[in-house]
Amino acid sequence: MSVMNKVVLISGAARGMGAHEARSFVAAGAKVVLGDVADEAMQALAEELGEDSALAVHLDVSKAEDWTLAVQAAMDRFGRLDVLVNNAGILRFSMIEECSDEEWEQVLGINLGGCFKGIRAAIPAMKAAGGGSIVNISSTSGLKAFSGVPAYIASKFGIRGLTKAAAIELAPLNIRVNSVHPGNIETDMVDGLYESLKHVPMNRLGKPEEISKLVLFLASDDSSFSTGAEFIADGGETCGMPNLF
Ligand SMILES: NC(=O)c1ccc[n+]([C@@H]2O[C@H](COP(=O)([O-])OP(=O)(O)OC[C@H]3O[C@@H](n4cnc5c(N)ncnc54)[C@H](O)[C@@H]3O)[C@@H](O)[C@H]2O)c1
């Protein structure tokens, strides 16, 4: 599984799964452009990874102009763009009746709009590179619904659809687009959220490295015949209902 010398742009790379993916890509010989709104944490990670391998760029994924600058930064620093990981996301809680327009628009704007704007911005650079791989981080919330997070669910189902639309359009350009559906993963996003993991047959949280390995596989040429597909890593959560009796 080689990503050696590939240039990878990762959104939401300052912490959590995005930061782990950045470390894994660099350990495997890739160059990474980190994009996030958490500038301080992102800068510290870029320094840890070293300036030959990593660059930090302020990126609010909901802003098209930030995406233009991030792709340009990848071109200026590393000369090409091979991989985009649309990882940035936020989770907000409310029942539909209480969900404000602001919350709906913020979650959809970052989680789904961010993916769309990232894909659109990356196409010219990937065309110039002769192809590429785009990995969109959805969720098990893009495969089944839960109550209390309507905007998040809609955004993650939307990413799944956008992935397939982009895969069809971009296949002639040798650009592959796949979605990843993590279950409950040990990051700040879900810190203290679950009292029990009985809904997961493996009865545990996943670790960020269990998602990074999948993302590296999809970024590499080892997944060369996969596009528009859904890759699940959820400890069995979407199999059905464990512990029913
Ligand atoms: N942790 C889980 O259990 C889980 C499960 C399924 C899917 N996911 C998805 O995986 C992705 C990463 O989640 P995580 O658990 O690492 O979350 P996290 O909260 O630990 O990290 C998210 C990162 O995204 C950044 N971010 C937030 N808004 C942004 C914006 N507008 N522009 C750029 N960056 C922004 C944050 O600063 C942060 O660095 C998200 O899309 C999330 O929805 C997480």
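Reckoned from all heavy atoms, side chains included, excluding hydrogens, waters and symmetry mates. In each ligand, atom 1 is the first atom listed, and ligand 1 is the first ligand listed. All residue numbers refer to positions in the sequence shown, counting from 1.
Of the candidates T227, N136, N178, N136 is the only one forming a side chain to side chain donor-acceptor pair (under 3.5 Å) with T163.
Of the protein's heavy atoms, D60 OD1, 3.1 Å lies nearest to atom 31 (N) of ligand 1. The protein non-hydrogen atom at the shortest distance from atom 37 (O) of ligand 1 is D36 OD1, 2.7 Å. Residue, atom and distance of the protein heavy atom nearest to atom 27 (C) of ligand 1 are I90 CG2, 3.8 Å. If you check which protein heavy atom lies closest to atom 5 (C) of ligand 1, you get G183 O, 2.9 Å. Remark: minimum distance from atom 32 (N) of ligand 1 to any protein heavy atom is reached at V61 N, 3.1 Å. With hydrogens left out, the protein atom closest to atom 44 (C) of ligand 1 is M17 CE, 3.2 Å, a heavy atom. The protein heavy-atom contact nearest to atom 3 (O) of ligand 1 is I185 N, 2.8 Å. In terms of protein heavy atoms, atom 22 (C) of ligand 1 is closest to G89 O, 4.0 Å.
The residue among S138, G12, G142, P208 with a heavy atom at the shortest distance from atom 7 (C) of ligand 1 is S138. Summarising the contacts of atom 18 (P) of ligand 1 with R15, M42, H58, the nearest heavy atom is found in R15. When the heavy-atom distances from atom 40 (C) of ligand 1 to I159, N87, I137, D234 are ranked, the shortest goes to N87.
If you number the atoms of ligand 1 from 1 as listed, the ones under 4.0 Å from a heavy atom of Y152 come out as 7 (C), 8 (N), 9 (C), 42 (C), 43 (O). If you number the atoms of ligand 1 from 1 as listed, the ones under 4.0 Å from a heavy atom of N184 come out as 3 (O). With ligand atoms numbered from 1 in the order given, ligand 1 contributes 1 (N), 14 (P), 15 (O), 16 (O), 20 (O) to contacts under 4.0 Å with heavy atoms of T187.
Annotation for K63: atom NZ does not count as buried by contact number, only 12 or fewer foreign heavy atoms lying within 6.0 Å. Other residues, nucleotides and ligands contribute at most 12 non-hydrogen atoms within 6.0 Å of the CD1 atom of I96.
Of the inter-residue distances, the one linking N111 atom CG with I137 atom CD1 reads 12.0 Å to the nearest 0.5 angstrom.
Taking distance alone, with nitrogen or oxygen atoms compared against 3.5 Å, L59 approaches ligand 1 more closely than that limit. Geometrically, ligand 1 and A38 share no nitrogen or oxygen pair separated by less than 3.5 Å.
Residue contacts with ligand 1: K156 is included, with a non-hydrogen atom under 4.0 Å away.
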